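The figures here come from the full heavy-atom set of this structure, side chains too, leaving out hydrogens, waters and symmetry mates. Residue indices begin at 1 and follow the sequence shown. Every number for a ligand or one of its atoms is a count from 1 in the order of the listing. Computed from a prediction, not measured in an experiment: that's the story for all the values here.
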Amino acid sequence: MTLPIMNSRHFRYVGNELQVEGVPLSRIAEKFGTPVYVYSEAALLEPLDRIRSCLSGLDHLVCFAAKANSNLSILRLFAGAGAGLDAVSGGELFRARKAGVPADRIVFSGVGKTEKEMEEALRFGRSGILAFNVESAEELTVLNRVAERVGRQARFSIRLNPDVDPKTHPYISTGLRKNKFGLPRAEASRLARYSRELRWVSLRGASVHIGSQLLSLAPLREAFRNLSDFAEEIVALNIPLSHVDLGGGLGIPYRNEEAPSIESYCALIQKEFGSNSRLAKKTSLRPKVVLEPGRLLAGNAGVLVSEILFRKKGVSRNFLIIDAAMNDLIRPALYESHHEIVPLTKSGRSRDAVFDVVGPVCETSDVFGRARRLPGSIARGDLVAVLSAGAYGFSMASQYNSRTRVAEVLVSGNRTRVIRRRETYEDLIRGES
Ligand code: LLP
């Protein structure tokens with residue numbers, strides 16, 4: 001068969017067997033059933049370590065975007081490795097608390113925070129979270145009021161909308177003028193000035209996030225320059241900026257895309273915000289650099305393992321119907337995104353055949369991959385892995401079609417543990433009457 005593209009060195013074939021950190025995935029499937037998400041601890045930590053080492057001269061904080069993968073064990077793993085967390089809801093703040101993420105390593109993003117969520121963030125830890133990323137004037141007014149009620153000052157950043165085209169899927173573009181996110185420069189400036197009149201909020205940072213799965217550094221460079229200009233303006237208002245938040249968004253390879261390397265991304269950050277940057281020279285300020293990567297840390301650290309239920313010969317194409325479905329991994333249906341699909345056991349002899357790999361859900365979009373080459377001998381009961389499923393996989397899963405959500409397993413060396421048990425039918429009706 002054609003050699004599959006593996007996007008992480010921690011998932012690889014040894015002989016004919018696909019292994020994760022040396023553990024055969026088929027053994028995990030046998031033990032825990034399918035469908036099952038399997039993550040590699042080494043693969044989760046590797047990009048974080050690389051960011052760390054190439055930003056080592058720069059004061060920085062990596063806040064994992066919890067929306068990419070919000071499993072408690074994974075949040076705890078990152079927190080234990082010194083990372084912070086980017087939350088977008090009260091639920092994610094709750095998870096952060098449970099995972100032991102320190103308050104001063106949490107940022108809170110999102111265009112629509114409720115008063116209840118603001119209050120939860122203000123009460124987090126002894127003095128509240130590191131920063132709210134504020135996205136409108138009205139939000140700031142409300143935040144000021146909530147902070148007064150709670151009796152704690154709210155630290156915040158202003159999220160800039162730099163009107164930069166990130167050249168990614170329109171559903172995950174966030175930095176264009178027409179998007180709901182952030183504030184255009186003129187309004188951001190106005191908000192910075194206005195904030196000085198508010199007693200219970202304190203402007204500490206400027207932030208930007210222009211989109212996800214970016215495969216070029218050019219739009220990021222443009223966004224960072226805009227942010228740096230804005231930061232300079234804030235400093236000129238005599239507001240001591242403590243950090244700049246550069247968001248997330250760096251893309252990863254799902255097949256043969258050339259994603260920018262972590263090292264080149266860090267070099268860009270050093271250039272725009274390091275000690276030789278324009279900002280440093282013009283303001284003598286060294287704000288801490290906050291990053292909010294999600295996909296970059298988790299995407300290629302997880303796979304979805306599924307069993308083939310049936311082979312079905314259609315009139316114009318052949319189908320492989322697997323036991324995972326769009327409710328388990330919605331990315332292909334939602335963004336037509338590509339995920340490699342590979343057999344857990346390579347068969348040396350069999351010639352490839354072409355299949356549409358589909359799930360059991362009653363929707364035509366329940367397709368994991370069209371016209372995929374897999375061994376022609378593949379049969380009912382065989383196992384496949386859908387690759388690069390560690391980010392926005394389980395975290396976007398639903399119970400659609402009353403399908404129980406699948407188990408998640410974390411592998412660390414030869415240690416394999418369930419970090420979320422498979423749901424039962426009882427879980428499906430919990431809370432209903
Ligand atoms: N910061 C903010 C404010 C965000 O909105 C996001 C993602 C991130 C950080 C993390 O972005 P990342 O580093 O993961 O690109 N469900 C989509 C992706 C949606 C991203 C939403 N915001 C997908 O499956 O491709």
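At the shortest separation from atom 16 (N) of ligand 1 among protein heavy atoms lies Tyr335 OH, 2.7 Å. Shortest contact from atom 4 (C) of ligand 1 to any protein heavy atom: Lys67 NZ, 3.1 Å. Atom 8 (C) of ligand 1 has His209 CE1, 3.4 Å as its closest protein atom, hydrogens excluded (heavy atom only). Given atom 15 (O) of ligand 1, the protein heavy atom at minimum distance is Ser212 OG, 2.4 Å. Residue, atom and distance of the protein heavy atom nearest to atom 14 (O) of ligand 1 are Tyr392 OH, 2.6 Å. Among protein heavy atoms, the minimum distance from atom 19 (C) of ligand 1 is reached at Ile172 CG2, 3.6 Å. Nearest to atom 24 (O) of ligand 1 among the protein's heavy atoms is Arg331 NE, 2.6 Å.
An N or O contact shorter than 3.5 Å is missing between Arg159 and ligand 1 by distance. Between Pro293 and ligand 1, not a single N/O pair is under 3.5 Å apart. Of the polar atoms of Ser109, none of the N or O atoms is found under 3.5 Å from an N or O of ligand 1, judged by distance alone.
The parts of Glu292 lying near ligand 1 are both backbone and side chain, judged by heavy-atom distances below 4.0 Å. Only the side chain of Met396 comes within 4.0 Å of ligand 1, judged by heavy-atom distances. Contacts of Val88 with ligand 1, taken as heavy-atom pairs under 4.0 Å, are absent altogether.
Atom CD of Gln399 has more than 12 neighbouring heavy atoms from other residues, nucleotides or ligands inside a 6.0 Å radius.
Residues that satisfy the salt bridge (Lys or Arg N to Asp or Glu O under 4.0 Å) test with Asp163, not counting sequence neighbours, are Arg177.
A salt bridge links Arg225 with Glu272: the distance from a Lys NZ or Arg NE/NH1/NH2 to an Asp or Glu carboxylate oxygen falls below 4.0 Å. For Arg185 and Glu233, the salt-bridge test passes: some basic side-chain N is under 4.0 Å from an acidic carboxylate O. Contact check on Lys113 versus Glu139 returns a salt bridge, with a Lys/Arg side-chain nitrogen under 4.0 Å from an Asp/Glu carboxylate oxygen.
Gly249 counts as a contact of ligand 1, since one of its heavy atoms falls under 4.0 Å from the ligand. The closest approach between any non-hydrogen atom of Asp86 and ligand 1 is below 4.0 Å.
Listed by atom number, the atoms of ligand 1 under 4.0 Å from Gly248 heavy atoms are 9 (C), 13 (O).
Side-chain atoms of Ser388 and Asn300 include a donor-acceptor pair closer than 3.5 Å.
A pairwise comparison of heavy atoms in Arg255 and Asn7 identifies O-OD1, 3.7 Å as the closest pair. Between His339 and Pro332, the closest heavy-atom pair is CD2-CG, 4.0 Å. For the residue pair Asp427 and Arg421, the shortest heavy atom distance occurs at OD2-NH1, 2.7 Å.
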**Study point:** Candidate pair His169 and Tyr335, rule ring pair (Phe, Tyr, Trp, His ring centres under 6.0 Å), full reasoning
**Key:** CA-CA 7 Å; His169 191 284; Tyr335 319 110; 5.6 Å; yes

